[in-house]
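Heads up: the structure comes next, in structure tokens.
Remember, predicted model here, so these are calculated numbers, not experimental data. No hydrogens, no waters, no symmetry mates; every other heavy atom, side chains included, goes into these values.
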Amino acid sequence: METTQQAGEPGAAERRRRELLEAADRVVLRDGPKASMNAIAAEAGITKPILYRHFGDKAGLYQALAVRHTDALLDSLRAALDAPAERRRRVEATLDTYLAAIEARPQVYRFLMHPAEDSHSAERGFDVGLHSAPLLRRLGEELAEVIGERVDLGQGGERLARIWGHGIVGMMHAAGDWWLGERPCERAELVAGLTDLLWGRLATAGNREDGPGF
């Protein structure tokens, strides 16, 4: 059992925080949105007050897990966008990367995006929507930056890149949420349909002369 005394060196504190997040991940993979602070503390071999000391409350833990998973997702999306392939194939690969990520860890996705209807009474005030919206905005801004760096959108291009970035993320999120819940088609069919929807002006826009190309 961990004591209330924290290690003095920053490296030890960071390692302990990472270990606690890994324990939280294991509980989330098992319980999804029903994951509780009690279960996470038990998995980590500590008491709930000590878990609170590290993260404040469930919202603090949620935020730390969201950053952890969003960072990993963004790395994967950037790799798909920068792969050596023609533009349509990279669009397909980027959409597929997002859908594959939520398909591989559906309980993590549901924890980040959906509240548990029967959460423990002490945690019912936790508003998932309040915390998931910044996560989606971050994805939108990151994608807008990638588009703006690579595609020549002419006058007002920076603003249009942000419109596209947030629009694409909204489309991926809504379509992916529906698909994960109902499984109405194969992932490849959904990717092809969404790519067709996006293709339009993206197919004809030139690359920025000072950018890495897309």
Side-chain angles (χ1 to χ4, degrees), residues 28-29 32-33 65-114 128-129 131-214:
V28 170
L29 281 169
L65 285 171
V67 169
R68 175 183 173 93
H69 288 285
T70 304
D71 284 349
L73 177 59
L74 283 169
D75 286 344
S76 298
L77 293 175
R78 289 190 192 101
L81 284 164
D82 289 333
E86 55 93 18
R87 186 181 292 181
R88 183 181 172 100
R89 181 68 195 102
R90 276 185 282 167
V91 172
E92 290 173 338
T94 302
L95 292 168
D96 190 61
T97 295
Y98 174 82
L99 294 170
I102 67 173
E103 182 180 34
R105 308 188 85 190
Q107 289 287 61
V108 173
Y109 170 79
R110 292 184 180 108
F111 175 81
L112 294 176
M113 293 297 176
H114 293 284
V128 169
H131 300 281
S132 61
L135 185 158
L136 293 173
R137 282 199 296 271
R138 181 185 173 201
L139 288 173
E141 288 294 332
E142 292 277 353
L143 185 54
E145 183 176 340
V146 168
I147 293 169
E149 287 176 348
R150 290 160 172 74
V151 183
D152 183 1
L153 297 175
Q155 187 174 4
E158 182 179 347
R159 185 169 59 251
L160 183 56
R162 294 188 73 195
I163 291 171
W164 283 13
H166 288 281
I168 291 169
V169 166
M171 180 193 73
M172 286 196 306
H173 170 60
D177 194 80
W178 162 73
W179 173 75
L180 193 64
E182 296 188 15
R183 295 302 179 101
C185 61
E186 295 296 323
R187 196 173 80 219
E189 183 180 350
L190 180 60
V191 167
L194 294 178
T195 303
D196 286 341
L197 179 61
L198 285 174
W199 200 227
R201 184 175 170 185
L202 187 55
T204 59
N207 286 331
R208 284 182 55 127
E209 291 184 3
D210 58 346
F214 182 41

Nearest 0.5 Å, please: how far is NE2 in His69 from CG in Leu135? 10.5 Å

Please check: side-chain N/O of Glu186 versus main-chain N/O of Glu189, any donor-acceptor pairing under 3.5 Å? no

When you check the gap from the basic side-chain N to the acidic O, do Asp196 and Arg88 get nearer than 4.0 Å? yes

Just checking Glu209: does its CD atom have more than 12 heavy atoms from other residues, nucleotides or ligands closer to it than 6.0 angstrom? no

Nearest 0.5 Å, please: how far is CD in Glu145 from CZ in Arg150? 9.0 Å

Mind telling me whether Tyr109 and His173 have parallel, tilted or perpendicular rings, with 30° and 60° as the class edges? tilted

Would you check if Arg183 and Leu180 make a side-chain contact, meaning some heavy-atom pair closer than 4.5 Å? yes

Minimum-distance pair of heavy atoms, taken over all atoms of Thr94 and Leu77: O-CD2, 3.5 Å

Below 4.0 angstrom, N of the basic side chain to O of the carboxylate: do Asp71 and Arg138 qualify? yes

If you take all heavy atoms of Gly32 and Phe111, which pair is closest and at what distance? O-CD1, 3.5 Å

Roughly how far, to the nearest 0.5 Å, is OH of Tyr98 from CG of Leu73? 7.5 Å

From Arg105 atom CZ to Leu29 atom CG, the distance as rounded to the nearest 0.5 Å: 4.5 Å

Interatomic distance, NE2@His166 vs CD1@Ile168, rounded to 0.5 Å, equals 11.0 Å

List for me each residue that meets side chain to side chain donor-acceptor pair (under 3.5 Å) alongside Arg162, sequence neighbours excluded, and say none if there are none. Glu141

Can you see which heavy atom on Leu81 is nearest to which on Arg90, and at what distance? O-CD, 3.0 Å

Atom CD of Glu158: over 12 foreign heavy atoms under 6.0 Å: no

Nearest atoms (heavy-atom pairs only) where Gly165 meets Leu143: O-CD2, 3.8 Å

Minimal heavy-atom distance between Gln107 and Val28, with the atoms involved, is CB-O, 3.3 Å

Minimum heavy-atom separation for Leu153 to Ile147, with atom names? CD1-CG2, 4.1 Å

With Glu142, which residues qualify under salt bridge (Lys or Arg N to Asp or Glu O under 4.0 Å), at least two apart? Arg78

From Met172 atom CE to Leu95 atom CG, the distance as rounded to the nearest 0.5 Å: 6.5 Å

Count the heavy atoms belonging to other residues, nucleotides or ligands that lie under 6.0 Å from CD of Gln155, then report whether that count exceeds 12. no

